[in-house]
Amino acid sequence: MGLFGKTSDRSPKEMVTEWSQKIRKEMRVIDRQIRDTFESMEDGEEMEEAAEEEVDKILFDITAGALGKAPSKVTDALPEIQPAAAAAASEDESEEDIEAMQSRLAALRS
């Protein structure tokens with residue numbers, strides 16, 4: 001009898017050999033799974049293109065063909081915001097805010 005009950009019938013060398021074989025077998029299984037994963041990732045690009053085509057078809061149907069007439073890219077420049085008008089509006093608002101804050105401060109002091 002061994003320290004913890006029954007003794008092993010096999011030698012440690014046999015046990016190590018068995019474990020090594022099991023580990024190699026598991027590694028082969030994992031390698032196959034990883035290869036399958038990478039192959040499916042490559043298929044993902046094709047699936048993405050197919051999905052985009054389906055979305056375009058559906059949008060074309062929903063918009064009654066108006067989507068097909070739209071340009072694929074917008075080349076027009078965005079309209080520029082007039083900074084003088086925006087600055088003047090913000091100055092008016094900030095002056096009004098300052099006056100309101102000053103009146104509240106005066107009310108608190110009294």
Side-chain angles (χ1 to χ4, degrees):
M1 280 237 164
L3 182 64
F4 297 108
K6 74 177 194 182
T7 355
S8 175
D9 295 337
R10 298 182 293 167
S11 68
K13 184 177 180 180
E14 289 175 350
M15 292 172 35
V16 168
T17 305
E18 180 186 348
W19 294 336
S20 297
Q21 290 172 349
K22 287 181 180 180
I23 289 173
R24 283 190 201 108
K25 183 179 178 182
E26 288 299 318
M27 287 175 54
R28 280 187 238 120
V29 169
I30 290 171
D31 285 342
R32 268 188 249 128
Q33 289 174 347
I34 290 173
R35 271 189 253 122
D36 291 345
T37 301
F38 284 131
E39 288 174 3
S40 68
M41 286 175 60
E42 292 171 0
D43 294 340
E45 292 173 6
E46 294 172 5
M47 289 177 57
E48 186 175 335
E49 290 174 8
E52 286 179 14
E53 289 176 11
E54 285 297 317
V55 168
D56 289 343
K57 287 178 186 177
I58 293 170
L59 288 175
F60 186 81
D61 291 342
I62 291 173
T63 59
L67 185 64
K69 297 174 187 174
S72 60
K73 292 183 182 178
V74 176
T75 55
D76 298 338
L78 293 174
E80 293 186 23
I81 299 175
Q82 298 175 353
S90 65
E91 286 178 16
D92 292 341
E93 290 175 3
S94 63
E95 287 177 15
E96 291 173 2
D97 290 340
I98 291 173
E99 290 174 8
M101 285 186 231
Q102 287 176 345
S103 66
R104 281 188 262 156
L105 181 61
L108 288 172
R109 286 183 181 164
S110 59

What pairs of donor and acceptor atoms, side-chain ones from residues 100-110 against any protein atom, are under 3.5 angstrom apart with sequence neighbours left out?
{"residue": "Ser103", "atom": "OG", "partner": "Glu99", "partner atom": "O", "Å": "3.4"}
{"residue": "Ser103", "atom": "OG", "partner": "Ala100", "partner atom": "O", "Å": "2.7"}
{"residue": "Ser110", "atom": "OG", "partner": "Ala106", "partner atom": "O", "Å": "3.4"}
{"residue": "Ser110", "atom": "OG", "partner": "Ala107", "partner atom": "O", "Å": "3.1"}

Straight-line distance of Arg24 CZ to Asp31 CG, nearest 0.5 Å: 13.5 Å

Nearest-0.5 Å distance, CG of residue Asp36 to CZ of residue Arg32: 9.0 Å

Residue list, salt bridge (Lys or Arg N to Asp or Glu O under 4.0 Å) with Glu18, at least two apart or on another chain: Arg10, Lys22

Nearest-0.5 Å distance that lies between atom CD1 in Ile23 and atom NZ in Lys25: 13.5 Å

CH2 on Trp19 to OG1 on Thr17, rounded to 0.5 Å: 10.5 Å

